[in-house]
Each structure stands twice: as C-alpha cells, then as structure tokens.
There are 2 protein chains.
Amino acid sequence: MPKKNMQPLNLVDGLFQLSFLLHYTLARIATGHDLSIIQVRLLGILRDREPGMLELARHLELEKSSLSGLVDRAEQRGLVERIPSPGDRRGTRIRVTAQGRRLSGVVEAEVTASVSTLITVLSKSDRDRLTSLVSRIMAASNGTKDG
Amino acid sequence: MPKKNMQPLNLVDGLFQLSFLLHYTLARIATGHDLSIIQVRLLGILRDREPGMLELARHLELEKSSLSGLVDRAEQRGLVERIPSPGDRRGTRIRVTAQGRRLSGVVEAEVTASVSTLITVLSKSDRDRLTSLVSRIMAASNGTKDG
DNA sequence: TATTGTTATACTCTATAACTATA
DNA sequence: TATAGTTATAGAGTATAACAATA
C-alpha cells in the first residue's frame, strides 16, 4: 500500500510528529513496567543525585505538593526511599533503591533499543549530521531558557 | 556564563531532549489558554473531520469511555458539540464550534511561532537538511507501525 | 519570619466493567 | 447478538491553599 504524506509539510510539523512518536514510545515502554513517564524521569534524575524534595520539584518542574504523592507512590513500590537530610532536620533526601535503579536501567535499555532501531533508516553519516543539528538547537534553547 | 553539555552524548539522548522541549512548549502554550495537550489534539483532529466517538477514540488512542469525559469538558466550554449521526440513531458525531476552531488556531499559531524561533539558530539549508532527515525517520516509522 | 515538606481538596485524564439504546 | 456510546468507579498526576516543624 502506498504511503500518504511521506514527508511533513514543514519542519515544525515534522519535529512535532517525531516528538510525539518518541513520547509514545517512552509511554508504551514505561507502561509495560507499570510506570508513568514522570516516574521514569524521577528515577532517571536520581541516578546520580540524592536531592531534597524542593530540588527534585525544580528538576521535574512540579509543585512540591505534587512531588509528595509522586515520591509516596514510588516509595510504596520500593523504588525510592526518603532519608533524613544531614544537618537540617526539616529536610528529606530522596534516594533511588537498588530495585529502582535496576528497573530504571531496564526501561532505559528498552527505550534506547527502540529508538536506535528507528534511526537505523539513516546512514552513519546522516545520523552524525542529525546529531549535530539537534545539538545546535538544544544548545541555543539552553541559552534562551529563563531561570 | 559558559554552558555545560553543549552537545548531547548521543543521538538518542538528543532526540529525547528535543522531544521533551517541544512537549513542554506545547503544554505551556496550551495551559496559557486553559487547555491540556489532549484537548489541543482533540481540536486539531476536528479541524477537518466530524467523526463519531469511536473513530475519535481511535485517532487519540484512548478508550471510548475516556473520550466521553474529554468531549464533555470540551462541550461544556463550548469548544465542540455533539450532533446526531445521520442514519444511525446510536451514533454521535463530534463537531468543533467556531469558538473551538478559533482557539485551536491561536494555540497553533503560538506553537508554530515558538518552534520557528527555536530553529532560527539553523541556516535555511541546515533546516532543509533537518526536514529531510526527520521526514525519513517518520516515513520509516509509518511503515513499521502495526495496524 | 523564612524554609522544608506534608496534608486537604479539587480537578483532569485514564482505564475497566457494567449498562442503555439501537442495529 | 453486536455496535455506539454513557455511567460508575478507581487511581495517577497536578495545582492551590493551609498547615507543621524546623531554621
């Protein structure tokens, strides 16, 4: 069957199509492990950090009250744990557990495999070109971002 | 201030960074009009269609029961309307209202403007290259998709 | 007083299961 | 019986506002 709309009308549309494709890929894989995208991101951030709730909220761009429930559910599943913050008895640090780290690793591997397959349609040199173009957009966007 | 991580480690990471950036751009603009991403998508689909509930659920990849509430809320805001399906008294067609179409247009214009600004960091010929690369990925993914 | 975090409350989004009305 | 759609129910995710404990 011949395909319709082999190329997007323009770059903006194409980028959004790709964005949604990646988003749904991540959502599908996360759901396969009873996780949401936000839970995957939570575990990802904790890979090399042991932040407090406020810092975590900033990373995820969530209100601190939203984070309480998010961490509650992850903690109940044994994926993260709350530990006292040294030197400030108000504070709580969030730490990923071994189980959480394992699960996060599995999800990341599946996601990487899935997207890697997707981009094999491009030659190595085309992938390098794409990497460069995407990097330049992201670098410019970081310079633009407020806060 | 010197920027850290000027380029992503690899293409997969870069694509996900870009994907999240676009997702949050859309979410931010939608929120500015008291809309969610799914409501924006709903209005977008109705731009050139007058589908039944089941067809709409398929487009949005939602259960039909999820769609009832979604359409309820959009209808209460006057963005869409339910009309009887001609020839099948069980069926309902969903139609975007003039107000819904107007709002959808405003959101789309803002999103396009925002992303267009983002990609001005690339030259015209680089944007053309990026368009081609993205198109090829999407074309391959359409061929891969199941049913 | 200011900061860190939780709780109470309300709403959107989503799914599963049961239901109604029509075919 | 099968199909189109709604309703009942439950749970995740999110925000705002009020609160408690500590600084």
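The sequence lines fix the lettering, A, B, ..., with proteins before strands; numbering per chain opens at 1. On a predicted model such as this, the values are computed, not experimentally measured, just so you know.
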Show the distances under 3.5 angstrom between N or O atoms of the protein and N or O atoms of nucleotides 20-23 of chain D.
| from | atom 1 | to | atom 2 | distance (Å) |
| --- | --- | --- | --- | --- |
| D:dA23 | OP1 | A:Arg89 | N | 2.9 |

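Atom CG of A:Leu26 sits about 11.5 Å away from atom CG of A:Leu21, to the nearest 0.5 Å. Expressed to the nearest 0.5 Å, how far OG of A:Ser85 lies from CD of A:Glu50 amounts to 9.5 Å.
Listed by first and then second residue, the salt bridge (charged side-chain N to carboxylate O under 4.0 Å, His left out) pairs involving residues 38-47 of chain B are B:Arg47-B:Glu108 (not counting sequence neighbours).
Note on the helix from C:dT1-D:dA23 to C:dA23-D:dT1: terminal axis deviation equals 20°, with five pairs used at each end and the result rounded to 10°.
The CD atom of B:Glu75 sits 13 Å away from the C1' atom of D:dT6 (whole-angstrom rounding). Look at OH on A:Tyr24: it is 12 Å from P on C:dC13, rounded to the nearest Å. As rounded to whole Å, 13 Å separates atom C1' of D:dT14 from atom NE2 of B:His23. Atom pair B:Gln76:CD and C:dC11:P shows a separation of 12 Å (rounding to whole Å applied).
Each of B:Leu18, B:Leu22, B:Leu15 was compared with A:Ser19 under the side chain to side chain contact (heavy atoms under 4.5 Å, CB included) criterion, and only B:Leu22 meets it.
Side-chain atoms of A:Asn10 and B:Thr112, non-hydrogen and from C-beta on, never get closer than 4.5 Å to each other. Annotation: side chain of B:Leu46 is in contact with side chain of B:Pro51 (closest heavy-atom distance under 4.5 Å).
For the contact set between residues 64-73 of chain A and DNA chain D, defined by any heavy atom under 4.0 Å, the members are A:Ser65, A:Ser66, A:Leu70, A:Arg73. Near DNA chain D, defined here as any heavy-atom distance below 4.0 Å, the residues from residues 52-62 of chain B are B:Gly52, B:Met53, B:Leu54, listed numerically. Of the residues in residues 34-41 of chain A, those with a non-hydrogen atom less than 4.0 angstrom from any atom of DNA chain D are A:Ser36, A:Ile38, A:Gln39.
Panel note: side chain A:Ser132, backbone A:Asp128; no donor-acceptor pair is recorded below 3.5 Å. No donor-acceptor pair closer than 3.5 Å links the side chain of A:Arg95 to the backbone N or O of A:Glu81. Between the side chain of B:Ser114 and the main chain of B:Glu110, no donor-acceptor pair closer than 3.5 Å is present. No donor-acceptor pair under 3.5 Å is formed between the side chain of B:Thr92 and the backbone N or O of B:Pro84.
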**OP:** Would you sort out whether B:Ile94 and B:Leu67 count as a side chain to side chain contact (heavy atoms under 4.5 Å, CB included), showing the intermediate values?
**Re:** CA-CA 11 Å; B:Ile94 312 304; B:Leu67 209 64; over 6 Å; no
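The residue B:Arg82 sits close only to the backbone: its heavy atoms come under 4.0 Å of sugar-phosphate atoms, none of a base.
The aromatic rings of A:Phe20 and B:His23 lie perpendicular to each other, with more than 60° between the two planes, well past the 30° mark.
Using a cut-off of 4.0 Å between Lys/Arg side-chain N and Asp/Glu carboxylate O, A:Asp88 and A:Arg93 are scored as not salt-bridged. Comment: A:Arg77 does not engage A:Asp34 in a salt bridge, judged by the lack of any side-chain N to carboxylate O separation of less than 4.0 angstrom. A salt bridge is defined here as a Lys NZ or Arg NE, NH1 or NH2 lying under 4.0 Å from an Asp or Glu carboxylate O, and A:Asp72 with A:Arg82 meets this definition.
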